[in-house]
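Small disclaimer: the values here were computed from a predicted structure and weren't measured. Residue numbers begin at 1 in each chain, while the letters A, B, ... track the order of the sequences.
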Amino acid sequence: MAATSTTATVTPLLIHLLRGATDHASVAATHAKLLKVGTASAVSSCNHIIAAYCRCGVTARAHDLFDGMPERDVISWTALMSGYSSTGRPRLAVSLLRDMSHSGVPPNAFTFSTAVSACARLADAGLGRKVHARAEVEGYASDAVVATALIDMYGKAGDVETARAVFIGMAAPARNAVSWGSMLSVYAQNALGREAIQLFAEFRTKSNFMAPNHFMLSSVVNACAGVGRLGVGKSVHGTVLRFGHGCNGVIVVGLVDMYSKCGFYEYSRKVFDRIEHPSVICYTSIIVAAAKYGLGRCALTFFNEMIDRDVLPNSVTLLGVMHACSHSGLVDTGLHLLHSMQSKYDIHPCASHYTCAVDMLGRAGRLEEAFELANEAQVEGRDALMLWSSLLSACRTHRRLDLATRAAHRVSEFNQDVAGALVVMSNAYTSAGQTDNAAAVWSNMRRRGIQKDPGCSWIEIKDIPYVFYAGLVSPAGARAGEVMMLLDELEGKMREKGYKGGLGSTRVFDAHEEDGEDGKGEMVGVHSELLALGFGLLVTPKGMTIRVMKNLRMCCDCHDAFKLISDIMEREFVVRDLNRFHHFKMGSCSCNDYW
DNA sequence: ATAGGGTTAG
């Protein structure tokens, strides 16, 4: 009699302990006590214990327990599924969905959202679609949480269209801040910054003035960074402060990154300087910003500061510091980092560090050393392709045909260039009917920024972006004619100063941009950054810094032209290209022509 | 007792 009353009072207490437990030892101890009391075998107790083991990552114990249950309910299955999904075994999690149906336990909305999120972790749209179809059949696809998980899953798998379709298909009242935020991050993560910014504007006007939360705000900030929209970025920064998210660590990193990617290093610094205890990611972000701005010494100061403050660097941090060295010509410092990172910081140099070092040596013209390092580096596959391609271009820059041939030979072992190889791969999948894999290749390319896009440049005027392609002035609208006249006039003045390049002529190394359409009386092949600059000069007030973004690297001719025009027009220009920033002022560039 | 979204690189 006494034992029964003890059991009745002790069990809820033990369950409570289980809920708060975060480590294996305490879960196991409480589990043992429940066994002693004799209440561990009830389905609900078992579920609690399974969930607790899963929370602390011991899925094997959870599964043992699960196997020993005489009967299991939907919670038992979903808890185990969730455990596998969050501990790096999402495929196993999804397979449990089949098993549970075979054993006669119908899944609920919790089960489907868990299964869908496992597919998201796998970035597997094919599997995701199957789970989606089942959810549809069982009537759970319209559940707000399941739908939101679906949006995220399709986005992570690179299928933005379907993600959008699910979002559109949600009834307006079902859309909450999480579903809006999920759609927003799909755009941001798939390099669709414009769409993300547009959706955020829609959210502000069409969601009955729902307050934006920190998840959405960080996605929008990232979107602004991606497309270099300083004006929108500033106003989102204002929104962040108004809604009290100015102290959120993730958003703050996003802001540091956003300002630096918008060519406003000073603001990036300002945001960073206000952070009391910057995280590794914060430090990495500002180091990379300084690196892209050619401020190698500054980047090293930040790095030393973080070490002094006991913030441990990671692999990305070291890569950032090495990039800073590379772009500032601090070659020996960079090499020293490569060789000491293992012993000093316990970070094993990987392919990207070697590629960076080879690139650094090549840039500095120390090509023999670059070759030696490239041969030493244990780099394989795609990484090796990157490494040798970068060395090849260094050889070309330094006109070392002999070495270029050797590098080209190594590159040719891979048959195609990176983007080319991936496109071929994707097409192969498509013709084999494996459209899911083809889509995955594309999403993979998008994530890594290897796109077969034509070169373009854009400029933001009063929060509106104007995108220019080579040879096409039309985005300048009614002022197109004036832009061409201005560029013509500038070309004349540049010639007087000894400019040898061309603006409208065909150049030898012109391959970095696709030719625009000719005809319509436009100059053929004028590089997009020059068109954007010409338009900027016409429509912005005297003295204002003009910021131009470009999706590829700037060519030497354009670089020369920008220097001269900054002198002629007495203006400052900031150009963001694929890798870094160029700040043109009074006839010279912040990169000192070393890039 | 089981469910959904955000950060640093190239």
Side-chain angles (χ1 to χ4, degrees), chain A residues 15 18-19 42-52 54-55 73-83 85-86 107-118 120 140 143-153 155-156 176-186 188-189 212-223 225 245 248-258 260-261 278-289 291-292 313-323 350-353 355-356 359 382-383 386 390 418 447-450 578-580:
Chain A
I15 298 290
L18 218 44
R19 294 198 58 184
V43 175
S44 74
S45 299
C46 261
N47 289 346
H48 273 115
I49 302 164
I50 288 171
C54 286
R55 265 198 302 276
D73 64 9
V74 62
I75 297 172
S76 329
W77 285 95
T78 308
L80 188 63
M81 192 187 265
S82 163
S85 176
S86 58
N108 62 16
F110 285 71
T111 320
F112 280 112
S113 52
T114 306
V116 171
S117 108
Y140 291 110
D143 176 274
V145 179
V146 174
T148 303
L150 284 168
I151 293 169
D152 180 56
M153 180 276 292
K156 295 240 159 65
N176 55 28
V178 185
S179 40
W180 280 93
S182 191
M183 190 62 225
L184 212 55
S185 74
V186 166
Q189 287 165 357
N213 61 30
H214 53 287
F215 286 105
M216 310 181 70
L217 289 166
S218 77
S219 291
V220 189
V221 171
N222 287 333
H245 295 297
N248 179 287
V250 177
I251 293 187
V252 168
V253 176
L255 289 169
V256 170
D257 186 54
M258 183 273 290
S260 85
K261 287 186 177 156
S279 63
V280 209
I281 297 178
C282 265
Y283 268 114
T284 305
S285 203
I286 197 76
I287 286 169
V288 170
K292 288 193 172 167
N314 61 28
S315 171
V316 181
T317 317
L318 265 299
L319 186 62
V321 182
M322 286 183 62
H323 268 282
C350 64
S352 49
H353 299 101
T355 305
C356 181
D359 187 61
R382 204 188 60 86
D383 294 324
M386 303 259 289
S390 121
V418 192
R447 213 171 300 131
R448 296 179 190 187
I450 328 167
L578 199 55
N579 302 318
R580 58 168 297 151

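Among B/dG10, B/dG4, B/dA3, the nucleotide with an atom closest to any side-chain atom of A/Ala149 is B/dG4. Comparing B/dA9, B/dG4, B/dG6 against the side chain of A/Ser117 picks out B/dG4 as the nearest. Out of B/dT2, B/dT8, B/dG5, the shortest distance to the side chain of A/Asp152 is found at B/dG5. Of the candidates B/dG5, B/dT2, B/dA1, the closest approach to any side-chain atom of A/Phe110 belongs to B/dT2. Of the candidate nucleotides B/dA3, B/dT8, B/dG4, B/dG4 has the atom lying nearest to any side-chain atom of A/Ala144. Of the candidate nucleotides B/dT8, B/dG4, B/dT7, B/dT7 has the atom nearest to the side chain of A/Gln189. Of the candidate nucleotides B/dT8, B/dG6, B/dG4, B/dG6 has the atom nearest to the side chain of A/Val250. Across B/dG6, B/dA9, B/dG4, the shortest atom-to-atom separation from the side chain of A/Val316 is found for B/dA9.
Here the P atom of nucleotide B/dG10 and the CE atom of A/Met322 are 12 Å apart, to the nearest Å. If you measure from atom NZ of A/Lys292 to atom C1' of B/dA9, you get 8 Å, rounded to the nearest angstrom. A straight line from CG of A/Leu150 to P of B/dA3 spans 17 Å, rounded to a whole angstrom. The CD1 atom of A/Ile251 sits 13 Å away from the P atom of B/dT8 (whole-angstrom rounding). If you measure from atom CZ of A/Arg580 to atom P of B/dG10, you get 12 Å, rounded to the nearest angstrom. With rounding to whole Å, A/Met258 atom CE is found 13 Å from B/dT8 atom P. For A/Lys261 and B/dG10, the NZ to C1' distance is 10 Å, given to the nearest whole Å. One atom, CG of A/Asp143, and another, C1' of B/dG4, lie 9 Å apart when rounded to the nearest Å.
In this structure, the side chain to side chain donor-acceptor pair (under 3.5 Å) partners of A/Asp73, at least two apart in sequence or on a different chain, are A/Asn47, A/Ser76. In this structure, the side chain to side chain contact (heavy atoms under 4.5 Å, CB included) partners of A/Ser315, at least two apart in sequence or on a different chain, are A/Ile347, A/Cys350, A/His353.
Across all strands, A/His48 comes closer than 4.0 Å only to sugar-phosphate atoms, never to a base (heavy-atom distances). Residue-level contact check: A/Ala177 touches the bases, meaning some heavy atom is under 4.0 Å from a base atom. Across all strands shown, A/Ser44 has heavy atoms under 4.0 Å from base atoms, whether or not it also approaches the sugar-phosphate. As judged by a 4.0 angstrom heavy-atom cut-off over every strand, A/Val288 is placed among residues touching the sugar-phosphate backbone only.
Regarding contacts with the backbone of B/dA3, a side-chain N or O of A/Ser82 is found under 4.0 angstrom from either OP1 or OP2. Here A/Asn108 does not reach the OP1 or OP2 of B/dA3: none of its side-chain N or O atoms lies under 4.0 Å away. Residue A/Arg55 has a polar side-chain atom (N or O) positioned under 4.0 Å from OP1 or OP2 of B/dT2. For A/Lys156, no side-chain nitrogen or oxygen approaches OP1 or OP2 of B/dG5 to under 4.0 Å.
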Working note: A/Asn222 + A/Ser219, criterion side-chain hydrogen bond (donor to acceptor under 3.5 Å, both in side chains); need CA distance, chi angles, decisive distance, verdict.
CA-CA 5 Å; A/Asn222 287 333; A/Ser219 291; 5.6 Å; no

As a quick check of understanding, evaluate side-chain contact (heavy atoms from CB on, under 4.5 Å) for A/Cys356 and A/Leu319, giving each step before the final call.
CA-CA 8 Å; A/Cys356 181; A/Leu319 186 62; 4.0 Å; yes

Could you go through A/Thr111 and A/Asn108, starting from their C-alpha distance and side-chain angles, then the distance that decides it, and tell me whether this counts as side-chain contact (heavy atoms from CB on, under 4.5 Å)?
CA-CA 5 Å; A/Thr111 320; A/Asn108 62 16; 2.9 Å; yes

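Taking 3.5 Å as the limit, the base of B/dA3 and the side chain of A/Thr114 contain no donor-acceptor pair of atoms between them. Interface remark: the A/Ser219 side chain does not form any donor-acceptor pair with the B/dG6 base, using a distance-only criterion of under 3.5 Å. On a pure distance criterion of 3.5 Å, no polar donor-acceptor pair joins the side chain of A/Asn213 and the base of B/dG6. If you check distances only, the side chain of A/Asn176 does reach the base of B/dG4 with a donor-acceptor pair under 3.5 Å. The base of B/dG6 is paired with the side chain of A/Asn248 by a donor and an acceptor separated by under 3.5 Å.
We find the CZ-CG distance between A/Phe215 and A/Asn248 to be 8.5 Å, quoted to the nearest 0.5 Å.
When all heavy atoms of A/Asp257 and A/Ala225 are compared, the closest pair comes out as OD2-CB, 4.1 Å.
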